[in-house]
Asks: 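The structure follows.
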Amino acid sequence: MSTSLNKSSHCAYAIHLHIIFITKYRRKVLTAEMIKRLEEYFKVSCKKQKCELLEFGAESDHCHLLVSFHPNNNISIFVKNLKSSSSRLLRKEFKIELSQVYYKPVLWSSSYCVISTGGAPLEVIKKYIQNQKSPQ
């Protein structure tokens, strides 16, 4: 992962988010094939929203995404789009397997976790801001 800044027409940014989704009722439904497809879905969905999926990993009941996030996006809307599109596509492709576990059209729990990552520790940034030379 590069710490270099991305550039847009009017800003430079480096926003990295660690996002975690869990399956509804924490059911262990994700197979190796489903996880492979999820990564592909997430890559496409991120690209559509000017973001980049940097890393992806999953187990049978949850997945982790490391995303380079574009500042034009709203985090909650971005996450909603990731969850809804991946759920819809996976349920369509693996209808038989998932319908044996979920009777309703669901895949993900309504909750999620988002953690900002990278950059200097908060204490270093606080000291940097406090040491700015204000005009006299």
Side-chain angles (χ1 to χ4, degrees):
M1 177 173 56
S2 172
T3 57
S4 64
L5 293 175
N6 295 309
K7 292 183 172 52
S8 186
S9 59
H10 297 285
C11 70
Y13 61 94
I15 305 169
H16 298 99
L17 301 176
H18 177 188
I19 303 170
I20 305 165
F21 299 147
I22 60 171
T23 58
K24 188 82 169 176
Y25 310 119
R26 200 78 192 226
R27 299 261 168 85
K28 297 181 182 299
V29 296
L30 301 177
T31 64
E33 189 177 350
M34 289 179 192
I35 289 169
K36 182 180 174 190
R37 295 296 289 149
L38 278 173
E39 182 174 12
E40 294 169 11
Y41 300 153
F42 288 136
K43 281 182 183 178
V44 170
S45 188
C46 284
K47 190 172 184 178
K48 286 180 181 177
Q49 298 178 77
K50 300 181 183 176
C51 297
E52 181 183 0
L53 181 65
L54 300 175
E55 196 66 44
F56 176 80
E59 292 185 16
S60 60
D61 63 352
H62 70 281
C63 64
H64 295 261
L65 298 82
L66 180 61
V67 175
S68 175
F69 188 73
H70 193 281
N72 284 357
N73 291 312
N74 175 306
I75 293 174
S76 62
I77 293 172
F78 175 75
V79 167
K80 177 184 163 197
N81 289 340
L82 287 178
K83 287 174 72 175
S84 64
S85 64
S86 64
S87 175
R88 184 181 66 254
L89 293 168
L90 202 70
R91 285 184 291 106
K92 183 177 180 182
E93 188 171 345
F94 297 94
K95 184 177 185 173
I96 295 169
E97 296 93 325
L98 292 172
S99 66
Q100 292 174 358
V101 178
Y102 298 119
Y103 301 104
K104 293 183 179 181
V106 297
L107 176 62
W108 302 118
S109 165
S110 59
S111 61
Y112 61 91
C113 177
V114 176
I115 305 164
S116 62
T117 63
L122 289 179
E123 289 305 314
V124 172
I125 296 170
K126 285 180 183 179
K127 286 180 183 175
Y128 176 78
I129 292 171
Q130 291 167 357
N131 290 329
Q132 296 298 299
K133 297 193 185 323
S134 296
Q136 298 297 324

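Computed from a predicted structure; not experimentally measured. Only heavy atoms go into these numbers, but all of them, side chains included; no hydrogens, no water, no symmetry mates.
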Asks: If you look at every heavy atom in S68 and N6, which pair is closest and at what distance?
Replies: OG-ND2, 3.4 Å
Asks: Please report the shortest heavy-atom distance between Q49 and N73, naming the atom on each side.
Replies: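 Scanning both residues, the minimum pair turns out to be O-ND2, 2.7 Å.
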Asks: Evaluate the criterion side-chain contact (heavy atoms from CB on, under 4.5 Å) for residue pair V106 and Y25; output intermediate values, then yes/no.
Replies: CA-CA 10 Å; V106 297; Y25 310 119; 5.5 Å; no
Asks: Taking atom OH of Y112 and atom SG of C63, what is their separation to the nearest 0.5 Å?
Replies: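 The SG atom of C63 is 14.0 Å from OH of Y112, to the nearest 0.5 Å.
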Asks: Are more than 12 heavy atoms from other residues, nucleotides or ligands located less than 6.0 Å from atom CD of E40?
Replies: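 It does: E40 CD has more than 12 such atoms within range.
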Asks: Is there side-chain contact between E97 and T31, with at least one heavy-atom pair below 4.5 Å?
Replies: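 Side chain of E97 against side chain of T31, heavy atoms only: no contact under 4.5 Å found.
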Asks: Heavy-atom distance under 4.5 Å between the side chains of T23 and W108, does that happen here?
Replies: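 Sidechains of W108 and T23: in contact.
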Asks: Do side-chain atoms of K83 reach the backbone of L107 as a donor and acceptor pair under 3.5 angstrom?
Replies: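 No, because the side chain of K83 does not come within donor-acceptor range (under 3.5 Å) of the backbone of L107.
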Asks: Check this for me: does any side-chain nitrogen of one of K126 and E123 sit under 4.0 Å from a carboxylate oxygen of the other?
Replies: yes
Asks: Group every Ile, Leu, Val, Met, Phe, Trp and Tyr by side-chain heavy-atom contacts under 4.5 Å, then state whether F21 and V114 land in the same group.
Replies: yes
Asks: Between S86 and F42, is there a side-chain heavy-atom distance shorter than 4.5 Å?
Replies: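 They are in side-chain contact.
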Asks: List the steps, then state whether side-chain contact (heavy atoms from CB on, under 4.5 Å) holds for L82 with C46.
Replies: CA-CA 8 Å; L82 287 178; C46 284; 4.1 Å; yes
Asks: Just by distance, do the side chain of S8 and the backbone of C11 share a donor-acceptor pair under 3.5 Å?
Replies: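 Pair absent, no side-chain N/O of S8 close to backbone of C11.
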Asks: Please find the pair of heavy atoms, one from T117 and one from L17, that lie closest to each other, and give the distance.
Replies: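 Shortest heavy-atom contact: OG1-N, 4.2 Å.
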Asks: Find out whether I75 and I19 are in side-chain contact, i.e. whether some heavy atom of one side chain is under 4.5 Å from a heavy atom of the other.
Replies: no
Asks: Taking side chain as C-beta onward, heavy atoms only, is K24 less than 4.5 Å from K104?
Replies: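 They are not in side-chain contact.
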Asks: Could you state the interatomic distance from OG (S60) to CZ (R26), rounded to the nearest 0.5 Å?
Replies: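 Those atoms lie 9.0 Å apart.
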Asks: Do P71 and I15 touch side chain to side chain, with heavy atoms closer than 4.5 Å?
Replies: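 Counting from C-beta outward, P71 and I15 do come under 4.5 Å.
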Asks: Can you name the side-chain hydrogen bond (donor to acceptor under 3.5 Å, both in side chains) partners of R91, sequence neighbours left out?
Replies: S87
Asks: Please indicate whether E33 has more than 12 foreign heavy atoms, meaning atoms of other residues, nucleotides or ligands, lying under 6.0 Å from its CD.
Replies: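 No, not enclosed.
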Asks: Could you give the distance from CD (E93) to CE (M34), rounded to the nearest 0.5 Å?
Replies: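 If I round to the nearest 0.5 Å, the distance is 9.0 Å.
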Asks: Is there side-chain contact between K48 and N81, with heavy atoms separated by less than 4.5 Å?
Replies: no
Asks: Does the side chain of L38 come within less than 4.5 Å of F56's, by heavy atoms?
Replies: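 They are in side-chain contact.
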Asks: For Y102 and V29: C-alpha separation, side-chain torsions, deciding distance, then whether side-chain contact (heavy atoms from CB on, under 4.5 Å) applies.
Replies: CA-CA 10 Å; Y102 298 119; V29 296; 4.1 Å; yes
Asks: Do Y41 and F78 sit in one hydrophobic cluster, given that two such residues count as connected whenever their side-chain heavy atoms are within less than 4.5 Å of each other, even indirectly?
Replies: yes
Asks: Using every non-hydrogen atom in the two residues, find where R27 and V101 come nearest and quote the distance to one decimal.
Replies: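 Here R27 and V101 meet closest at NH1-O, 3.4 Å.
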Asks: For residues H62 and I22, report the shortest heavy-atom separation together with the two atoms involved.
Replies: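 Minimum heavy-atom separation between H62 and I22: CB-CG2, 3.7 Å.
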Asks: In sequence, state the C-alpha distance, the side-chain angles, and the governing distance for E52 and L54, and then conclude on side-chain contact (heavy atoms from CB on, under 4.5 Å).
Replies: CA-CA 6 Å; E52 181 183 0; L54 300 175; 3.7 Å; yes
Asks: How about H18 and H16: are their ring centres within less than 6.0 Å of each other?
Replies: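 Not close enough - the centres of the two rings lie 6.0 Å or further apart.
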Asks: How long is the gap from CG on L53 to NZ on K47, to the nearest 0.5 Å?
Replies: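 Answer rounded to 0.5 Å: 12.5 Å.
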Asks: In terms of hydrophobic clusters joined by side-chain contacts under 4.5 Å, are L98 and I35 together?
Replies: yes
Asks: What closest approach, in Å, do N74 and F69 show between heavy atoms, and which atom pair accounts for it?
Replies: C-CZ, 4.0 Å
